[in-house]
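Data first, discussion second: the structure below is written as structure tokens.
Whatever order the structure lists ligands and atoms in, that order sets their numbers, starting from 1.
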Amino acid sequence: MVTATEQTHLTQIRHYLHQHPELSDQEFATTKYLTDKLRDLGYRIITPTDLKTGVIAEIGVGNPVIGLRSDIDALPIQEVTNLSYASENDGVMHACGHDFHMTALLGAAERLAAEPTLNGTVRIVFQPAEETHVGAQEVTAAGGVTGLDAIIGFHNKPDLPVGTIGLLAGGLMAAVDQFTVTFHGVGTHAAMPQLGADPLVALAATVGAVQSIVSRNQDPQHAVVVSVTHIEGGNTWNVLPESAWFEGTVRTFDQKARQLAKKRFIEIVNGQAAAYGVKANIDWLVGPDVVDNDSRLTKIVVDESAKHFNVVAPTPSSAGEDFAYFSQRIPSVFAFIGSHGNSDWHHPDLILDDAGLVPAVEWYYFNAKRLLAELTE
Ligand SMILES: [Zn+2]
Ligand SMILES: [Zn+2]
């Protein structure tokens, strides 16, 4: 089935997409490119009009309806790979490999279109705006995944070799929460702190204290990350400012840990504020949930994948993925597929191995057919 021609064809598609990256929710040229390709293959384009970018298309008839998902957006990163097919859009780069995902899904769409018959319907879901974590919601709100019996997707994994697939039931990628905290005190002369209420000492103490959520509150068997990533306060050496703020993120792999982290964070911040005589304002932004692989479906996908690839149980990633929005609503499986990169996601020098495209095509293709067969009533 795999031919040198298929590899060359896929490589060409990926290099074209890599050269023409577009930011989240602005993937207009990408959308047109994908729509044209799918139409040429004989797919029915059913993209809801509410969807500005992204493509939904179907082939086959009747039940079951199996969704295959790829994201399509790039990142605001200046590419430094020196590749012959490097990004032509200044300051925008496919640094997460969504070009790899799109190419794999187009390749699978092509193989499925070549089948004499399909035992049901395959729906191709090219989802916009994964990086800003709104695309899966946009697709869902527009009705793009309504009626699906199952949906599968993957993220390329630069640290896995080509031909290796990472699969596990349960939490594969972390729930993402984001926080911003502002401490309001009373500004004063640096030489007379007793006349004010210093937000900087409160902030410094709090940045250390919130780490105790990981070391003292959470179950040591369950991974939790608390990262303060940005601090601002004051602007000169001899004045204590009126306010100071910091922001950061919390990553968890189950609901219990997620709720506990939030509860303790708020208690600690308010406790520190009280201790130092300042007021705290906390903004808590709820991001994507855990990418939670359905256990029954994962069993089927692992069984099918093991016929063709080296299947490993991967270390869950503390990065987030808005496929979670689908996985909370539809039985789903998300995989890691080896892309043998020189670096990691979101790095400006990331180069992926095109040899990983055929296994990714086949992963979609074989599992789509298997799920069509398995989920028939
Ligand atoms: Zn990314
Ligand atoms: Zn990504």
Work out which heavy atom in Ile330 is nearest to a heavy atom in Leu148; give both atom names and the distance. CG2-O, 4.0 Å
Would you mind telling me which of His101, His20, Met102, Arg14 makes a side chain to side chain contact (heavy atoms under 4.5 Å, CB included) with His94? Met102
Centroid-centroid under 6.0 Å between Tyr33 and Tyr16 rings: yes
Judged by modelled atom types alone, do His230 and Glu247 share a side-chain donor-acceptor pair under 3.5 Å? yes
Which N, O or S atoms belonging to the protein are less than 2.8 Å from the Zn ion (ligand 2)? Cys96 SG, His98 NE2, His155 NE2
Could you check whether any side-chain N or O of Glu138 sits under 3.5 Å from a backbone N or O of Pro128, counting only pairs where one atom can act as donor and the other as acceptor? no
Would Arg370 pass as a cation-pi partner of Phe366, given that its NZ or CZ must be under 6.0 Å from the six-membered ring centre and within 45 degrees of the axis? no
By atom name, which N, O or S atom belonging to His346 lies closest to the Zn ion (ligand 1)? NE2
